[in-house]
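Everything below concerns the one structure shown next.
The figures here come from the full heavy-atom set of this structure, side chains too, leaving out hydrogens, waters and symmetry mates. In what follows, chains carry the letters A, B, and so on, assigned in the order in which the sequence lines appear, proteins first and then strands, with residues in each chain numbered from 1. Quick caveat, the model's predicted, so the values are computed rather than measured.
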Amino acid sequence: MRTYVLRRVLLFPLLVLAVSMITFFLIRALPGDAAVARLGAAGAQCDTCFDQVRKELGLDKSKPEQYWIWFSDAIRGDFGLSTATRQRVSPELRDRVWNTFQLGVLTIFFTLALGIPVGILSAVRAGKPVDYILRFLSILGLSVPSFWIATLVIFMPVIWWGWTPLDNYVGWSDPLKHLQLLALPAFILAISGSAYTARITRSSMLETLSSDFVRTARAKGLWERVVILRHVLRNSMLTLLTVIGLQFATVLGGSVVIETIFGVPGMGAWLVFAVSNRDYQIVQGVTVIFAMWFVAITLLTDVLYAWVDPRIRY
Amino acid sequence: MAQATAISAPVVIAAPTLLQRQWRWIVRFVRTQPLGVLGAAIILLIVFAALFAGVLTSKDPVATSTDILQKPSADHFFGTTRQGKDVYARVLYGARVSLEVGLFTVLLSVMGGTVLALVAGYFGGLVDQIISRIADVLISFPSILFALTLATALGKGLTTMVISISIIFIPIIMRIMRGAVLQQRSAQYVEAARVLGATEWRIIFGHILPNLMSIAIITASSTLPAAILTESGLSFLGVGVALGEPSWGGDLSGDSRQFFQIAWWMAIFPGAALSLTVLAFNLLGDSLRDTLDPRLRGVR
């Protein structure tokens, strides 16, 4: 166990390093120069300006040298200047990571609040019509793309009542409005996650329901409610831990589309913007944070899982 | 003599032929998995729509016309867009893109993932380390970045899409299959084959691979709808098929969004077709999983 955790922790920086290298060379392999993006098509006609901007952006150096310069700054938390705006990447990145993090936490909240009760109900009524309906609904939830639901949620109220849930992002200066604005994208992101959670909850509860200690609990005359909530659910929580970890990691992927639609200034929306603008520094910064987030969460989940359930050995 | 006759006429229990066994399996599937049958029926319908799109509508999905922003009517079943394109025709032809991307991605990623898993799982050691670590890196990479950069570098289109979505799925499938290979490798039949002098390749492809079939089918059945969803997501972000080509995800994004307020049909039909397709594949996949692997009942 200890060697396993140690190995995983040692692997962490290597993984992030590999991701940063691939990103660095991948984004530079794209057609279209960052200098052109900075100058605009007309400005790029002038050769001296072009060379000067390339020098200013450090693009005249060899690629390994550029990577080294970026790396030695990044390791100190400085992700350089944005290619297009020449603003510092790190402060804005910090804000955006925070926004995506809040979106993620809220999404997990909805995922569990929706998924667990549905899963319990489905398991307790296994084989009954309620179970079939709920299972069908969870497959439906896994199938409908979030960007379509988001589109409908934005446009249908406009058609019906001339009102839209879209609004400018305000942050914590107006806490109520802030939560209100984040709740909708989080809820939509949570739909597929909660469908998944419901199914996991159902199957792991069904497994526990057939075990001996549940029979004992029933035999000693406990209320069914107590048996389900205290005995069965508590044992199924172990599986849920993995789900939570997985969801928190996949929120990142979903955030790309949802943030773009709802105008949430998070990492996902920034990545899309930066790739199309050839903003090398932003892409690199976002990707590294993305990878660190993902690897850290999966590591944490695996370790917690083994810690909570001593039967798990790596 | 009498004894000899008795021996030469043993009780014969007719073993079912392969065809009979498959037929029984199908009958049992139909009887026990009504939702799976529903999924299969919808899939057949969608495949039919994609194959005979040219027969089901006389309209060209990319041709513009003067009938702009028409409501659904007898002439335009699903209405028209800002450029007067027929939404019904676009939905029909859009099925082709989704199905093609789904199918080719599944073929490429399940085959690629399985071969890598066999090599990594069977040989172990350094080869396994290298393949597994590369998979780790690819999984921790924001998959959207790959797709975005590949689409920008290789140009939009079906091939780019299949490649970039496969890169997302191959490492995930590799991990699942590798676990299965590790399980099989220590099985007795592998040991027996080795004792009989079978070559490594024969053991891998002749003995282990056939035993991975059911898990491969399960993986493929969950990869297909996921691939279709990813395609639509990429098209939605504007890095899918070429601009103007019919694609369900693409038709929900970009310039058309300005008109959703006044033309709800532009938003409803492509999204509904997309959701129905993914739902059908999920229903079928779920039932297949139930039938093929009882241990996984109810788990995705």
Value rounded to 0.5 Å, distance of CG in Leu283(B) from CD1 in Ile139(A): 5.0 Å
Counting only heavy atoms closer than 4.5 Å, note whether Val144(A) contacts chain B via side chain, backbone, both or neither. both
What is the distance from atom OG of Ser222(B) to atom CG of Leu142(A), rounded to the nearest 0.5 Å? 11.0 Å
Taken to the nearest 0.5 Å, the spacing of Leu237(B) CG from Phe147(A) CZ works out to 8.5 Å
Side chain, backbone, both or neither: which part of Thr23(A) has an atom under 4.5 Å from a heavy atom of chain B? both
State, yes or no, whether a side-chain contact exists between Phe236(B) and Ile261(A) at a heavy-atom distance under 4.5 Å. yes
At a 4.5 Å cut-off on heavy atoms, which part of Val283(A) comes close to chain B: side chain, backbone, both, or neither? side chain
Quick one: are Ile268(B) and Leu152(A) in side-chain contact, heavy atoms under 4.5 Å? yes
Test item: Trp148(A) side-chain N/O and Gly249(B) main-chain N/O as donor-acceptor pair under 3.5 Å: no
To the closest 0.5 Å, what do you measure between OG (Ser143(A)) and CG (Leu229(B))? 7.5 Å
Enclosure of Tyr132(A) OH (heavy-atom neighbours >12, cutoff 6.0 Å): no
Arg125(A) atom CZ, over 12 foreign heavy atoms within 6.0 Å: no
First locate atom CZ of Phe294(A), then atom CG of Asp136(B), and finally report the distance between them rounded to the nearest 0.5 Å. 9.5 Å
Of the backbone (N, CA, C, O) and the side chain (C-beta and beyond), which part of Leu14(A) lies under 4.5 Å from a heavy atom of chain B, both, or neither? neither
